[in-house]
Amino acid sequence: MIDIKKIRADFPILSQKINGKQLVYLDNAATNQKPQVVIDSIVNYYSTFNSNIHRGVHTLSQKATNAYEEARIKLQKHFNAKKSYEIILTAGTTHSINIVATGFSSLLKKGDEIIVSALEHHSNIVPWQMLCERTGAILKVIPMNLEGELVMSEYDKLLSDKTKLVFVNHVSNALGTINPIKKIIDKAHNIGAAVLIDGAQSCPHIKPDLQELDADFYVASAHKLCGPTGVGILYGKAAWLNKLPPYQGGGEMIKKVTFEKTTYADSPHKFEAGTPNIAGVIAFGVAIDYMNAIGFDNIASYEDELLQYATKKLLQIEGLKIYGTSQHKTAVISFNINEIHPFDIGTIIDKLGIAVRTGHHCAQPIMDFYNIPGTIRASFTFYNTFEEIDLLYNALIKAKTMLC
Ligand code: 7TS
């Protein structure tokens with residue numbers, strides 16, 4: 001059960017007023033808010049044990065190193081990776097994807113094929129296009145249907161012995177569709193292709209079991225999980241991490257350096273050159289503990305109630321059309337009202353204290369598919385309330401009256 005009053009009290013930002021109105025934060029798919037324990041963790045690190053890691057014998061450095069490595073183990077347990085060295089700490093999902101996409105430059109040849117889905121965020125499209133430019137590999141796309149779901153029969157047709165890598169998000173950021181990733185992974189493995197799952201949008205709602213899923217790579221950002229920005233994970237199966245070359249050269253990623261030859265450290269350090277976001281990683285561990293204490297099953301079922309209520313309520317507005325109507329969705333509603341530009345509605349409802357995202361949501365191919373410039377996206381999470389959905393409804397009615 002979700003104790004909404006208690007939970008909201010954990011998030012200092014939620015009690016403020018925006019433009020003189022109570023803040024209604026419905027842009028959780030972009031980044032969610034941080035509970036006080038996460039904020040305290042960052043303050044505590046800089047106030048009491050700020051120090052560089054993996055390199056000092058002094059007490060503070062050892063304390064920082066232990067806290068950083070404890071966070072890695074929390075993440076390993078949370079995502080159920082087999083080994084802690086399969087969890088690489090990165091600057092976020094985009095960084096993680098680029099580590100893999102750049103690494104595959106030396107593993108692909110001309111004519112090899114990479115499959116992505118029509119539902120991807122730009123950060124899951126552009127790095128693969130860049131990889132194709134470097135290697136001569138070819139990008140293929142699993143198409144989507146009007147409900148915003150992947151057409152799995154077309155995926156079957158794309159798979160061949162040329163397919164080397166399949167890349168798909170678990171949940172679409174623009175529409176909220178939950179993709180059938182287990183099926184996608186198993187089919188790719190049947191023909192010997194590796195699979196990278198982008199968990200950026202699913203990780204706040206669905207706790208994945210990486211060993212059971214059998215994904216080769218999995219990426220996610222802390223800031224979608226109540227953690228800080230600029231931190232994330234790249235999970236890779238040990239065998240893949242051994243095969244992939246390092247992404248950046250620098251300190252802490254080597255075994256031995258001479259001017260003639262350098263040998264690299266093993267994973268995870270091979271992919272963690274330079275001083276990382278130490279405070280951020282430690283706070284990520286605290287955020288994971290916070291969310292697990294609420295419980296991902298509780299979070300998912302409460303958010304589903306919010307989604308059902310909001311869908312029913314918003315559809316009462318004449319001229320409102322929802323994009324993304326799959327039965328398998330997280331609590332995201334992407335919509336337009338008549339021909340009104342999403343930006344105009346977003347601006348008016350902001351004046352009423354309501355934060356939503358408007359535009360193409362870094363998923364222009366989805367907008368092109370529907371032949372629209374963008375949508376208004378309301379994305380809900382476990383600290384949102386049914387009253388906030390009513391406030392959104394009232395604000396949309398007001399905006400529509402002003403703009404029609
Ligand atoms: N993949 C998906 C599915 C995403 O939703 C996002 C960010 C990213 C990758 C990139 O994550 P980052 O942490 O590296 O930036 N999505 C959004 C969004 O929907 N609105 O703002 C950011």
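In each ligand, atom 1 is the first atom listed, and ligand 1 is the first ligand listed. From a predicted model like this one, the values you see are computed outputs, not experimental measurements.
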Quiz item: Closest approach of N169 and E120, non-hydrogen atoms and distance?
Solution: N-OE2, 3.0 Å

Quiz item: Between H269 and H54, is the gap from one ring center to the other below 6.0 Å?
Solution: yes

Quiz item: Closest heavy-atom contact between R72 and I88?
Solution: NH1-CA, 4.3 Å

Exercise. Determine, using ring centers only, whether F382 and Y302 are less than 6.0 Å apart.
Key: no

Practice problem: Answer with yes or no after comparing the ring centroid distance for F271 and Y247 against a 6.0 Å cut-off, counting only values under it. | Solution: no

Taking a 3.5 Å cut-off between nitrogen or oxygen atoms, can you list every pair linking ligand 1 to the protein, with distances?
residue, atom, partner, partner atom, Å
ligand 1, 1 (N), D198, OD2, 2.5
ligand 1, 5 (O), Q201, NE2, 2.7
ligand 1, 13 (O), S221, OG, 2.6
ligand 1, 13 (O), H223, NE2, 2.7
ligand 1, 14 (O), T94, N, 2.9
ligand 1, 14 (O), T94, OG1, 2.6
ligand 1, 16 (N), H121, NE2, 3.4
ligand 1, 16 (N), K224, NZ, 2.9
ligand 1, 19 (O), N173, ND2, 2.8
ligand 1, 19 (O), R377, NH1, 2.7
ligand 1, 19 (O), R377, NH2, 3.4
ligand 1, 20 (N), R357, NH1, 2.5
ligand 1, 20 (N), R377, NH2, 3.2
ligand 1, 21 (O), R357, NH1, 3.0

Exercise. With K237 as the cation and W240 as the aromatic partner, state whether NZ or CZ is under 6.0 Å from the six-membered ring centre and within 45° of the axis.
Key: no

